[in-house]
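Atoms considered below: every heavy atom in the structure, side chains included; atoms not considered: hydrogens, waters and symmetry mates.
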Amino acid sequence: MSRIGVFTCHCGENIGATVDCVKVAEMCKDIPGVVHSVEYKYMCSDPGQRQMQEAIKEHQLDGVVVAACSPRMHEPTFRRAAGDAGINPYMCEMANLREHCSWVHEKGDATTQKAADLIRVLVEKVKHNEPLHPIKVPVTRTAMVIGGGVGGIQVALDIANGGHKVVLVEKSPSIGGHMSQLSETFPTLDCSQCILTPRMVEAAQHPNITLMTYSEVEKVDGFIGNFKVTVRKKARKLDEKLCTGCGLCIQKCPNKKISDEFNEGLGTRTAIYVPFPQAVPNKPVIDLQNCTYYKTGKCKVCEKMCPTNAIRFDQEDELVTLDIGAIVLATGFKLMKTDAFPEYGYGKHKDIIDGMQFERLASASGPTSGVMKRPSDGKEPETVVFIACSGSRDRAKGVPYCSKICCMYTAKHAMLYKHKVHSGKAYVFYMDIRAAGKDYDEFVRRAIEEDEVKYIRGRVSKIYEEDGKLIVMGADTLMGGEPVVIKADMVVLATAVQSNDRSEELAQTLHVSYDSYGFFAEAHPKLRPVETNTAGIFLAGACQAPRDIPETVAQASGAAAKVVGLFSNDELTREPIVAVVNRQAAPVYSTCVGCFLCQGACPYQAIEQEEIKARSGEVIMTLARINPGLCQGCGTCVATCRTKAIDLQGFSNEQIYAELMTL
Amino acid sequence: MEAVNQRAKELLEKGEIKAVLGYAKGTGHVRRPHFARKAGQVDQLVLDAACLQNLAVYVTKHEVKKLGKVAVIALPATQRAILQLMAERQLRDGELVILAVDGEAVKELDSAAALEEHLALKAQGLDAKDKALLAELDAMSREQRWVYWQNELSRCMKCYACRNSCPMCYCGTCTMDCNRPQWVPVASHGIGNLEYHAVRTMHLAGRCVECGECGRACPVGIPVHLLTFAAEESIHEQFGQRAGAKAKLDYALSTFKTDDKESFIR
Amino acid sequence: MRIGYYPGCSLLGSSREFDESTRAVLKALDVELVEVADWNCCGASSAHILNHELSIALPARILALAEQAGLTEILAPCAACSNRLLSAQQELEKHPEMLAGIEKAIEMPYKGTVKIVNILEVLDRLKDLIAAKTVEPFAKKVASYYGCLLVRPPRVVNFDRPEDPQSMDRMLRAVGATPVEWPFKTECCGAAFSVTRTDIVAKLSGKLVQDAVKRGADAIVVACPMCHSNLDLRRAEINEYLQQEYAIPAMFITQVVGLALGLDPKALGLHRHMVPVEFAETAGVQS
Amino acid sequence: MSSGSHHDHHEDTLAWRVQQATGVKLAHCYQCGKCAAGCPVADQMDMPPCQVFRMLQYGLPQYDKRVLGCEGIWLCLACETCSTRCPQEVEIPKIMDFIRGEALRLNLAHPRSKDILAFHRAFLDSIEYTGRLYEVGLVADYKVRSRHFLKDVMLAPKMYIKGKLGLLPHLIKNRRGMKHLFKQTIGKG
Amino acid sequence: MDEKFEPKITAFVCNWCTYAGADLTGTSRIKYQSNVRVLRVPCTGRIDYMMVLKALHKGADGVIVSGCHPNDCHYTSGNYHARRRWMVFKKMMEVMGVDMRRITFSWVSAAEGARWAQLVNEVTDQVRALGPYAEFRQIIGAGIE
């Protein structure tokens with residue numbers, strides 16, 4: 001038989017003025033199982049709590065109901081107090097007499113009766129409460145950062161400087177990401193590489209950071225604090241320890257006409273290559289698709305030339321499994337390509353380029369050494385049209401969202417062009433100018449007012465080629481939709497920012513949610529912007545939504561702080577409000593039938609398979625098991641399970657049934 | 001029939017299977033399930049319009065699984081049930097030889113993928129008779145439906161024939177038998193019967209293969225199958241999913257679309 | 001091959017040569033055309049502009065007639081007709097509530113089972129045969145002109161790609177022609193304004209003629225009677241507007257294919273053009 | 001649920017009627033001007049399509065009147081260039097169709113629309129009586145209606161010589177059915 | 001008896017939205033009728049249809065089920081699963097002839113204090129007007145254990 005104490009709080013006048021607390025306390029004495037029922041002015045005050053603690057000891061209570069304010073307010077207070085008095089904290093429940101009763105109803109018998117009813121419900125619940133214990137999860141204090149752009153580098157440096165180990169995984173041969181391709185950055189026009197390169201070097205030399213370039217995450221198991229991550233180290237066909245980065249192999253490689261990814265197809269590279277001169281690590285990689293040796297079985301010039309004999313044609317991909325405590329996703333974005341625009345010629349005009357190609361044209365280290373030359377014939381373009389919102393805010397192209405960075409970089413591009421070609425004419429077609437940010441609008445105004453870039457409010461309907469010019473057919477909506485035709489030498493499309501290739505695949509590997517555009521989903525749009533729904537996995541930068549550099553870096557530091565916070569303890573303590581699948585003695589083992597219909601209902605992928613084996617090792621049955629590290633305690637699986645094999649601690653079937661029976 | 005029996009014999013003779021599950025003559029027009037354990041017994045198997053029972057109900061039984069590999073003469077509803085059981089991991093690929101019989105055509109299948117492909121070629125859903133019955137129910141006023149079901153259910157004595165005949169009711173411990181807490185009263189009275197049939201329907205919603213076995217099994221003639229049919233049809237209509245159509249589990253109640261219609265929610 | 005045939009009004013009158021050349025070419029390729037009996041006008045843009053229900057009922061009658069004749073597929077060479085037929089079919093599929101009223105108007109049941117194809121789709125199916133039967137390659141530079149209605153609106157016609165389409169170019173290459181790279185394949189010619197706003201037609205079609213010549217085309221090839229009449233019948237107005245005499249002929253794709261197959265230019269109706277097809281005698285086969 | 005500007009709910013606004021009849025949501029238009037930029041006749045319109053949309057979006061009687069009375073809606077060729085390229089997938093020609101009908105119904109159509117209208121009416125008359133388009137009849141009828149008696153007098157004989165003008169109409173057999181069809185559709189209004 | 005009839009209303013609400021919303025009703029001191037008894041669960045996903053049936057079984061004349069609006073679920077998708085379950089449950093109840101005017105599904109967010117009061121009042125008034133759930137009480141009467 002239970003020994004339950006009921007403590008009714010007046011909350012000063014807050015409850016007492018509407019509910020007859022004395023009467024309620026009296027009524028509660030008649031509830032079977034209640035051995036002690038008192039009221040007090042302020043239960044949450046020190047004397048109030050002490051009174052409860054003394055009663056627990058004196059009356060050997062095994063459960064308490066505090067009838068006061070909302071449990072969302074003081075449940076932790078009273079549970080802690082109950083725990084200090086020697087009973088399990090989870091044997092304490094609260095009846096909400098204030099927010100749900102005294103404050104919302106008129107004074108009267110009905111209200112007093114309701115107060116007593118509310119307590120009765122909780123008394124019956126407490127009778128079925130089980131002592132619960134916080135779940136402790138050990139934490140491996142090594143973080144993995146996926147993506148080596150400016151966001152990933154910042155996360156890695158911040159965590160490493162916080163004293164923890166970091167593995168930085170980058171799929172391409174060098175870290176640096178898109179930022180290393182940029183010429184200059186808005187709104188300051190400082191050189192992108194000049195500010196990024198030192199960070200890249202710092203990351204490479206940091207004792208706490210392990211770089212894994214030319215590597216991709218293949219598999220992720222486990223849960224917060226205890227991930228097992230398998231990384232595929234793609235074969236560079238090179239012994240990195242021996243290679244000194246002298247570059248002789250690159251000079252001698254006979255295959256020099258390969259379209260260069262780093263220069264967005266505007267330049268060429270060799271089959272053995274370093275993506276760009278400042279690459280980190282500065283070790284080449286052999287491009288298997290284009291290497292003459294892999295195509296024909298002959299060549300091996302690089303091997304012959306290498307002074308340290310570092311080339312390894314027989315090198316294979318390597319799978320490495322690592323123990324990781326937290327993961328930060330910083331995989332960035334990609335730009336829509338110009339071939340996605342039927343009305344602009346499906347990408348067939350060489351002089352219609354995208355924003356990243358313009359960056360390479362404008363970059364001092366780019367294919368034209370920063371001299372403005374249009375791709376088709378190398379002539380200096382006299383008229384350049386920039387088109388903002390190319391593919392963005394365009395539901396017909398499947399991108400209804402704003403790409404956020406284009407307004408700023410288009411202004412920058414127009415400005416850079418005008419700085420390089422003083423006599424040139426720059427036109428920008430735009431729909432709205434979104435320049436919200438420190439010094440951003442001033443920057444756009446400068447482009448318009450000082451550099452005399454002509455802004456035309458309207459979209460471009462068609463571009464075609466005629467007599468070596470690109471005919472841009474637009475309209476000026478500020479002149480009532482009057483058609484505007486501009487004969488341009490080059491057109492720059494500020495194409496939409498899209499989620500990176502294979503981002504959905506990666507999200508599935510990591511069990512994080514993503515939106516319909518493939519961007520990773522944050523746990524809460526306002527209050528948990530750097531966390532994912534999967535505990536222990538965080539986000540930084542444009543893999544979540546279009547972002548510019550300052551935002552990416554800020555979010556990266558935010559994610560790093562989350563990781564450092566997580567790593568500040570050896571163990572992670574979690575509320576024991578989790579679901580469990582029952583286990584019984586053989587031969588039943590469980591009422592779970594292993595249909596796994598619950599699996600789809602779990603928002604956290606917390607439901608695993610557990611094989612019940614005979615002594616011989618033969619699998620007798622496969623049952624569901626809930627990983628307490630992943631379960632967040634929503635109980636959706638519980639309501640899905642036909643055989644009631646799953647129950648939710650703290651809100652169990654028996655507890656709820658008992659509550660219902662009092663009604 | 002010839003072809004099926006021939007193949008069954010062959011499989012038995014080669015020792016590839018331990019038994020063939022099919023239909024044999026019972027009293028009068030009744031056809032009863034029959035296990036032929038030896039090639040010689042195969043000739044007792046019959047296949048005609050009187051063969052109605054969904055044989056899938058047997059294949060998850062411990063006693064049958066113990067036999068080893070079994071061949072099942074599977075009419076369309078049985079095929080659907082087997083596929084759903086596979087999706088729900090109650091049967092594995094290769095555990096059964098499915099002799100899928102559709103009219104004159106016979107096809108031998110042994111995996112969920114093959115079964116899915118086979119079933120995809122066929123129109124699924126209710127036949128005209130059942131559709132008409134559902135439409136009749138639909139045409140009643142709410143009050144008339146209540147009276148109708150109260151009348152029907154008043155005969156229910158909770159013999160559980162509907163449950164026991166259902167291929168999808170394979171749970172080792174049925175909710176009805178749970179007593180901590182006892183969600184559904186054991187006794188067969190007004191509220192107990194309503195709750196039992198409500199729970200049975202909800203448990204089969206999204207899983208019912210619409211064989212109608214429960215209705216045929218009811219000794220007092222309650223059309224209980226109309227409840228699960230209505231739920232299943234409404235699921236198909238609202239979510240486009242159908243039980244017993246996919247090899248990979250596609251359970252309507254553990255999937256969702258963010259734009260599921262919610263006009264009924266205030 | 002056997003296929004239903006809905007010529008439409010233009011092909012009886014102002015674009016007779018399209019009908020003649022279509023029949024001649026398909027006959028040469030052993031395709032049997034089954035004309036929809038007692039067909040009516042599709043209503044074209046006039047019905048479309050003046051009354052929605054009428055604009056559906058007229059095509060629906062044609063489709064219902066085809067259904068009654070047991071046809072599963074009909075060829076509508078006129079791009080306007082095929083566009084109207086497709087629109088009506090889709091509208092009825094989207095709005096089944098309209099069906100009763102339409103069936104009442106046409107006094108026939110309508111099922112919506114007939115597939116509507118345009119001439120380029122049919123020729124594309126026969127591409128290999130055409131290539132094999134080509135005896136006199138059409139070795140000319142051509143501007144392939146699709147116009148509006150063959151490719152737009154894409155959700156209705158669901159044919160080729162809406163900008164810079166390729167199907168006619170492929171066919172032209174198959175018969176030995178060289179399509180020029182030009183940007184106006186789907187620019188509007190002025191369409192239904194042929195009679196009422198000839199000034200607009202002259203301007204829009206003029207742009208096409210001028211550019212095709214500039215890009216070195218010997219002929220403009222079309223697959224739509226309206227485009228053809230604007231580019232051919234209205235050439236006088238075009239030339240007046242452009243203040244220059246443009247002699248580049250406008251030809252139907254079926255005429256080009258017919259010439260390549262060695263058919264008689266007269267059977268292809270080449271003599272009916274206002275702008276003479278000057279090279280027909282030299283390029284075409286001696287009859 | 002309907003939303004959009006609060007004006008849209010008033011049945012007396014053109015916007016409301018447009019949305020009811022066509023199902024096109026006017027609020028989808030965000031005034032990018034791409035329709036006007038690609039329209040082959042925008043330069044001749046007194047009001048290009050984007051401006052028609054802008055005015056409709058207000059739902060104010062003075063703007064509705066201007067839209068109904070403008071010439072631009074009659075110049076729309078229904079070439080579908082705009083709707084094909086519209087980033088918001090707005091079916092602009094559908095709206096133009098409807099507005100033209102409203103302009104006629106309310107007797108607000110631009111004077112220069114008369115010719116265009118005369119042509120379409122003549123066209124439909126021809127079909128109603130013969131089942132198929134009778135081009136000579138059409139042109140003659142159009143001339144009477146539009147009073148452009150001399151238009152194209154030079155073209156007709158040339159066409160006749162080329163065999164392109166039949167002097168007799170093509171009659172379909174079921175002409176009664178055709179009359180019935182017209183009565184059941186356009187005749188209802 | 002009818003004049004004095006006061007309906008019993010049972011509400012199942014999720015902890016993060018509707019329960020918090022009802023707390024806000026309190027903090028805003030918005031008054032509503034006291035017929036409702038609230039049962040708190042973590043998420044609408046936890047709400048088993050058996051709970052609704054049991055509430056009716058225990059003599060509730062009306063039931064409210066409420067949680068987070070779509071997209072707002074604390075557990076990201078519990079409410080979406082719940083919504084589907086309700087769609088099917090509602091259909092089944094309708095087929096069986098249960099009076100669905102007595103079961104109200106709703107979304108009330110943590111910010112919608114006034115909405116909670118309005119919802120409770122509306123449901124209470126509606127159920128009061130409908131009177132005691134006689135049909136159900138009849139079958140309960142047959143089954144008192």
Counterpart residues, side-chain hydrogen bond (donor to acceptor under 3.5 Å, both in side chains), relative to [X] (two or more places apart):
{"X": "A/D451", "result": "A/H419"}
{"X": "A/H349", "result": "none"}
{"X": "A/K469", "result": "A/D489"}

Under 6.0 Å from the NZ atom of A/K334, do we count more than 12 heavy atoms belonging to anything else shown?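 Above 12, so yes.
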A/K379 NZ: over 12 foreign heavy atoms closer than 6.0 Å: no
Tell me, side chain or backbone of D/C82 under 4.5 Å from chain A's heavy atoms, or both, or neither?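 For D/C82, there is no contact with chain A at all, as no heavy atom is under 4.5 Å.
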Please name the pair of heavy atoms, one in D/G33 and one in A/A475, separated by the smallest distance, quoted to 0.1 Å. O-CB, 3.4 Å
Closest non-hydrogen atom pair between D/A36 and A/P483, with its separation: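 Nearest heavy atoms, D/A36 then A/P483: O-CG, 4.1 Å.
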Considering distance alone, list the donor-acceptor pairs between chain A and chain D shorter than 3.5 Å.
from	atom 1	to	atom 2	distance (Å)
A/E343	OE2	D/K34	NZ	2.6
A/R393	O	D/Y30	OH	2.3
A/R395	N	D/P87	O	2.9
A/R395	NE	D/Q88	OE1	3.3
A/A396	N	D/P87	O	3.0
A/R457	NH1	D/Q31	O	2.5
A/R457	NH2	D/Q31	O	3.1
A/R459	N	D/C32	O	2.7
A/R459	NH2	D/Y30	OH	3.0
A/S461	O	D/R85	NH1	3.4
A/S461	OG	D/G38	N	3.4
A/S461	OG	D/R85	NH1	2.7

Looking at D/C32, D/C86, D/A42, D/C39, which has the largest count of heavy-atom pairs under 4.5 Å with chain A? D/C32
Closest-packed option against chain D by number of heavy-atom pairs under 4.5 Å, given A/G474, A/P400, A/G458, A/P342: A/G474
Where on A/M473 is there a heavy atom nearer than 4.5 Å to chain D: the side chain, the backbone, both, or neither? both
